[in-house]
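Excluded from the calculations below are hydrogen atoms, water molecules and symmetry mates; all remaining heavy atoms, backbone and side chain alike, are included.
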Amino acid sequence: MPELPEVEVIKRELAPALAGRSFRGVTLIWPRTVQIPAAEDFSRRLIGQSITGLDRRGKYLIFRLSTGEALIFHLRMSGSLLLKAASQEPDPHARATFLLDDGKELHFCDRRKLARIWLVADETTVVGRLGPEPLEPGFTAQDLAQQLGKRSAPIKAVLCDQHFLAGVGNMYADEALFAAGIHPLRRANSLCWEEVVRLHGAVRQVLEQAIASWGASISDYRRPGGELGAAQFAFQVAHRGGEPCPKCSTPIQRIPIRGRGTYFCPRCQK
DNA sequence: ACCACAACCTGGCCGC
DNA sequence: TGCGGCCAGGTTGTGG
């Protein structure tokens, strides 16, 4: 499932191929994948525009366009962006294809039809309410401690709240809490300063390490060339229910928190 | 302001 | 082997 590291890898790998390219054609195979604007306006407004650069905000991938508009993608659970040679057959889950002026084609694929695309003049209408970027230097342990103090929900749920912190999802929340030795059901405002410092460092370290491993291919995630990521091999607890904890060999537990599968070591995480 | 839960979706998996 | 139903989980919308 694409979270911050996966979207960052996609951005880094697509940027050199897409910068300066323009859109020659758009095919909406499943039009509802476009959230804004209406399908007929989408193609008309996009064709002819060139891409000035790529950016990421949380789990959103932002294409900056020559008119100042932004083409924004969210991959949700099962989305991918594949860069193909010209006239390659789209796979059965392709929801939209974008023909570029160099003959290459970008395929927006999404098995579960939850992923979305926006074309907007003002990107803040889409990404404006997101919390801070965890890898930005401005995200400090002091800020984290202050914000956590306002929240009584389980720390796992708060870490996954995109309005609280942008880009951390189910997998990396579990990994960060294990690295920090914090039980996922702890109330956010119950963490002491030392625990917040450990968590702050753990979130960054887990995300950086996953980016360096090209993201985690737990289910549908693919890099733009179709390759898998390798970050899942470094997972300590995420999606490892029943396996021995890498630190103490206690079996990893799986419990639901807010309806999301949560993996943790009941001995190492207090 | 914060918390909880349903809805959106498909395909893999389970039990019978 | 087949089939019905459950489950995965990010986000939005609704209601408390």
Closest listed nucleotide, where the reference is the side chain of [X] and the choices are [options]:
X	options	result
A:M1	B:dC2, C:dT11, C:dG9	C:dG9
A:E3	C:dG10, C:dG9, B:dC2	C:dG10
A:R260	B:dA7, B:dC8, B:dC3	B:dA7
A:Y60	C:dT12, C:dG10, B:dT10	C:dT12
A:R151	B:dC2, C:dG9, C:dT12	B:dC2
A:R111	C:dT11, C:dG9, B:dT10	B:dT10
A:R254	C:dT12, B:dC8, C:dA8	C:dA8
A:H93	C:dA8, B:dC3, B:dT10	B:dT10
A:H74	C:dG10, C:dA8, C:dT12	C:dG10

_Within the 4.0 Å heavy-atom criterion, would you say A:G259 contacts the bases, only the backbone, or no part of the nucleic acid?_
nothing
*Which part of the nucleic acid, if any, lies within contact of A:S152, taking any heavy atom under 4.0 Å across all strands shown: a base, the sugar-phosphate backbone alone, or nothing?*
sugar-phosphate
*May I ask you to check if A:K11 and A:F63 form a cation-pi contact, with NZ or CZ under 6.0 angstrom from the six-membered ring centre and within 45° of the axis?*
no
*asked:* Tell me whether A:K59 is salt-bridged to A:E3, with the criterion being a basic N under 4.0 Å from an acidic carboxylate O.
replied: no
*Say whether A:S152 and A:N189, considering side chains only, have a donor N or O and an acceptor N or O under 3.5 Å apart.*
no
How long is the line joining [atom1] of [X] and [atom2] of [N], in whole Å?
X	N	atom1	atom2	answer
A:N170	C:dA8	CG	C1'	10 Å
A:Y172	C:dG10	OH	P	12 Å
A:I36	C:dT12	CD1	P	11 Å
A:D220	B:dG12	CG	C1'	11 Å
A:Y221	C:dA8	OH	C1'	20 Å
A:M77	C:dT12	CE	C1'	15 Å
A:R76	C:dT12	CZ	C1'	7 Å
A:L114	B:dA6	CG	P	17 Å

*So, A:Q162 side chain and A:G131 main chain: donor-acceptor pair closer than 3.5 Å or not?*
no
*C:dG10 phosphate, OP1 or OP2: any side-chain N/O from A:Q162 under 4.0 angstrom?*
no
*Look at the side-chain N and O atoms of A:K59 and state whether any lies under 4.0 Å from the OP1 or OP2 oxygen of C:dT11.*
yes
*asked:* Starting from A:L61, can I reach A:V127 by hopping between I/L/V/M/F/W/Y residues whose side chains sit under 4.5 Å apart?
replied: no
*Can you say whether the rings of A:F98 and A:F73 are parallel (under 30°), tilted (30 to 60°) or perpendicular (over 60°)?*
perpendicular
*Do A:R95 side-chain and B:dT10 base share a donor-acceptor contact under 3.5 Å?*
no
